[in-house]
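Worksheet: the structure to be examined is printed underneath.
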Amino acid sequence: DLVPVAEHGAPVRSGEELFRLNLPQGETVLIEHVTVKDEIASVRLRYRAHVECAEAVIVRAGEKVERGEPLSKGVIPPYYLMEVAGVQKTREYLLTELQKVYRSQGVDINDKHFEVVIRQILNNVRIVDPGESDFLLNDVVPLEVFQAEVRRLSAENERIRREREEIVGDSLLAPATRGPMTLAETGDVITREGLERLVGLDVRQVRVEHLGEPRTVRVTEYRIPQGERELLRISRAALLRKSWLAAASFERTTKVLADAALRGEEDHLEGLKPCLMVGRRVPVGTGYPGRAEPAAQAEEPTGEQPVDDA
């Protein structure tokens, strides 16, 4: 699998490593051909692996198979399938296997009913590196919440990069330090090379004189959180809803309410269930207000665009 080395939204230099290829034990990669067009290289490769099958094989020699396709008869563990082939293959496999059970009994159910359930059990992310987000290590959060936090930090990093460009040529009002080491003295003029050195040494912020006014500018970008998609059982997925009212009405009410109180969570009543619980008009049909962009909602008459999460 291709694993990104550079963080999402981070600037990169020419020749810097962007991806790393991780192969399971026993697999090799064969490079078929490499084409270069407009200084962009395209590499075509294929995997080769030796697999021991204890069950009856359902493929023939010379056939091409994609990662995640079964080679022999038997049941595929969904957890392993998602780790090897990804979320989409797991979603298709679960839908097919669930439909087999009902169709074998002569019951025909529309796919959309299963897809709603499958989406919920696959719609979660386990935090493997919280970065500088609000998450904790090994937290399990909904995919939308994780994506919103990534977009928020990416927008903040864009603002930091923009402000870094603005202070080139300004003078320091306070020494730039990292622990006991002084990297720049008061009165030094900030250059691009010096700014890159401060960023490389993880100096968070500097105090400068910008257009005759003192200004504190953050120069180091926020670290983006990293996560892995998680397959959960139905009851566990129901307790990890964005709405703590809906989760508390399902099971483990005391625990859900206590966790929500400790975290200081808010329920914005965006779902059907919490709206029904409090007697509010449900957000469907003509009662659905739609989702406008947060930046557009917060737009000021002056035309300024405040940064917000997506």
Worksheet item: Please walk me through it: do Val208 and Ile190 pass side-chain contact (heavy atoms from CB on, under 4.5 Å)?
Response: CA-CA 9 Å; Val208 300; Ile190 297 179; 3.3 Å; yes
Worksheet item: Is Val107 close to Ile109 at the side-chain level, that is, under 4.5 Å between some pair of heavy atoms?
Response: yes
Practice prompt. Indicate, with yes or no, if Leu136 and Ile224 share a hydrophobic cluster defined by side-chain heavy-atom contacts under 4.5 Å among Ile, Leu, Val, Met, Phe, Trp and Tyr.
Written response: no
Worksheet item: Glu166 versus His210: any side-chain heavy-atom pair under 4.5 Å?
Response: yes
Practice prompt. For side-chain hydrogen bond (donor to acceptor under 3.5 Å, both in side chains), just list the numbers for Thr220 and Arg204, CA-CA rounded to whole Å, side-chain angles, deciding distance to a tenth of an Å, and then say yes or no.
Written response: CA-CA 5 Å; Thr220 302; Arg204 295 300 179 91; 5.2 Å; no
Discussion item. Is there a side-chain contact (heavy atoms from CB on, under 4.5 Å) between Leu232 and Leu122? Walk through the geometry before answering.
Written reply: CA-CA 7 Å; Leu232 302 176; Leu122 292 174; over 6 Å; no
Discussion item. Do Leu276 and Val116 sit in one hydrophobic cluster, given that two such residues count as connected whenever their side-chain heavy atoms are within less than 4.5 Å of each other, even indirectly?
Written reply: no
Practice prompt. Kindly compute the distance separating OG (Ser133) from CD (Gln226), expressed to the nearest 0.5 Å.
Written response: 10.0 Å
Item to complete: Apply the side chain to side chain contact (heavy atoms under 4.5 Å, CB included) test between Asn124 and each candidate in Val145, Val140, Val141; give the one that qualifies.
Response: Val140
Worksheet entry | Tyr93 side chain vs Leu81 backbone, donor-acceptor pair below 3.5 Å | no
Worksheet item: Quick check: does any side chain N or O of Thr90 sit under 3.5 Å from a backbone N or O of Met82, one acting as donor and the other as acceptor?
Response: yes
Worksheet item: Where is the tightest heavy-atom contact between Pro225 and Val150, given as atom of each residue plus distance?
Response: CG-CG2, 4.1 Å
Discussion item. Please tell me whether Asp108 and Gln99 have a donor and an acceptor in their side chains that are separated by less than 3.5 angstrom.
Written reply: no
Discussion item. For Arg263, is there an ion pair with Asp259 - N to carboxylate O distance below 4.0 angstrom?
Written reply: no
Discussion item. For Ser243 versus Ala246, what's the shortest heavy-atom pair and its separation?
Written reply: OG-N, 3.2 Å
Item to complete: Verify the cluster assignment for Ile167 and Leu201: are they in a single hydrophobic cluster under the rule of side-chain heavy atoms below 4.5 Å apart?
Response: yes
Discussion item. Just verifying a value: how many Å separate Ile118 CD1 and Glu92 CD, rounded to the nearest 0.5 Å?
Written reply: 10.0 Å
Worksheet item: What pair of heavy atoms forms the shortest contact from Glu132 to Tyr222, and how long is it?
Response: OE2-CA, 3.5 Å
Worksheet item: Any donor-acceptor pair under 3.5 Å linking the side chain of Arg164 with the backbone of Leu195?
Response: no
Worksheet item: Does any non-hydrogen side-chain atom of Pro70 lie less than 4.5 Å from one of Ile58?
Response: yes
Worksheet entry | Donor-acceptor contact below 3.5 Å, side chain Thr182 vs main chain Ala184 | no
Discussion item. Using side-chain contact (heavy atoms from CB on, under 4.5 Å), reason through Ser42 and Lys37 one step at a time and then give a plain yes or no.
Written reply: CA-CA 8 Å; Ser42 300; Lys37 182 179 180 181; over 6 Å; no
Worksheet item: Heavy-atom distance under 4.5 Å between the side chains of Thr216 and Val206, does that happen here?
Response: no
Discussion item. If you apply the rule salt bridge (Lys or Arg N to Asp or Glu O under 4.0 Å), what do you find for Glu156 with Arg151, and how did you get there?
Written reply: CA-CA 9 Å; Glu156 286 291 326; Arg151 288 194 295 266; over 6 Å; no
Practice prompt. Measure the CD-CG distance between Glu230 and Leu143 for me, rounded to the nearest 0.5 Å.
Written response: 13.0 Å
Practice prompt. Using a cut-off of 6.0 Å, state whether more than 12 heavy atoms not belonging to Arg207 lie near its atom CZ.
Written response: yes
Worksheet item: Using the ring of each side chain (for Trp, its six-membered ring), is Tyr102 parallel, tilted or perpendicular to Phe114, with breaks at 30° and 60°?
Response: tilted
Discussion item. Could you tell me if the side chain of Leu272 sits less than 4.5 Å from the side chain of Pro283, heavy atoms only?
Written reply: yes
Worksheet item: How far apart are the closest heavy atoms of Ala176 and Leu198, and which atoms are they?
Response: CB-CD2, 4.1 Å
Discussion item. Looking at every non-hydrogen atom in both residues, tell me the closest pair between Leu231 and Pro78 and how far apart they are.
Written reply: CD2-CB, 3.4 Å
Worksheet entry | CD (Glu17) with more than 12 external heavy atoms under 6.0 Å | yes
Worksheet item: If you measure from the Lys or Arg side-chain nitrogens to the Asp or Glu carboxylate oxygens, is any gap between Arg162 and Glu158 under 4.0 Å?
Response: no
Item to complete: Give the intermediate values and the outcome of side-chain contact (heavy atoms from CB on, under 4.5 Å) for residues Leu95 and Asp111.
Response: CA-CA 7 Å; Leu95 178 61; Asp111 287 350; 4.0 Å; yes
Worksheet item: Do NZ/NE/NH1/NH2 and the carboxylate oxygens of Glu97 and Lys100 come within less than 4.0 Å?
Response: yes
Worksheet item: Does the side chain of Thr253 come within less than 4.5 Å of Leu257's, by heavy atoms?
Response: yes
Discussion item. Between Glu55 and Lys73, is the salt bridge (Lys or Arg N to Asp or Glu O under 4.0 Å) condition met? List the steps.
Written reply: CA-CA 6 Å; Glu55 304 293 336; Lys73 294 182 179 180; over 6 Å; no
Worksheet item: Given Glu149 and Arg152, is the salt bridge (Lys or Arg N to Asp or Glu O under 4.0 Å) satisfied, shown in steps?
Response: CA-CA 5 Å; Glu149 184 69 7; Arg152 183 184 71 84; 2.7 Å; yes
Discussion item. Would you say that Val217 contacts Glu163 through its side chain, given a criterion of any heavy-atom pair below 4.5 Å between the two side chains?
Written reply: yes
Worksheet entry | Rounded distance [0.5 Å steps], CG in Asp170 versus OG1 in Thr191 | 12.0 Å
Discussion item. For Arg161, is there an ion pair with Glu221 - N to carboxylate O distance below 4.0 angstrom?
Written reply: yes
Worksheet entry | Arg119/Glu144 ion pair, N-O < 4.0 Å | yes
Item to complete: Return yes if some donor-acceptor pair links the side-chain N/O of Arg218 with the main-chain N/O of Ile160 below 3.5 Å, else return no.
Response: no
Worksheet item: Does a side-chain N-to-carboxylate-O contact under 4.0 Å join Glu115 and Arg91?
Response: no
Worksheet entry | Min side-chain heavy-atom separation Leu183-Val203 under 4.5 Å | yes
Practice prompt. Work out which heavy atom in Asp129 is nearest to a heavy atom in Leu137; give both atom names and the distance.
Written response: N-CD1, 4.4 Å
Worksheet item: Quick one: do Val87 and Tyr79 end up in the same hydrophobic cluster if we chain Ile, Leu, Val, Met, Phe, Trp and Tyr together by side-chain heavy atoms under 4.5 Å apart?
Response: yes
Worksheet item: Is there a donor-acceptor pair closer than 3.5 Å between any side-chain N or O of Asp267 and the backbone N or O of Leu245?
Response: yes
Discussion item. Surrounding CD of Glu228 (heavy atoms of other residues, nucleotides or ligands, distance under 6.0 Å), is the total greater than 12?
Written reply: no
Discussion item. Starting from Val128, can I reach Val125 by hopping between I/L/V/M/F/W/Y residues whose side chains sit under 4.5 Å apart?
Written reply: no
Worksheet item: Rounded to the nearest 0.5 Å, how far does CD of Glu251 lie from OG1 of Thr254?
Response: 12.0 Å
Response to the item:
One should read off an interatomic distance between Phe250 CZ and Lys273 NZ, to the nearest 0.5 angstrom, of 7.5 Å
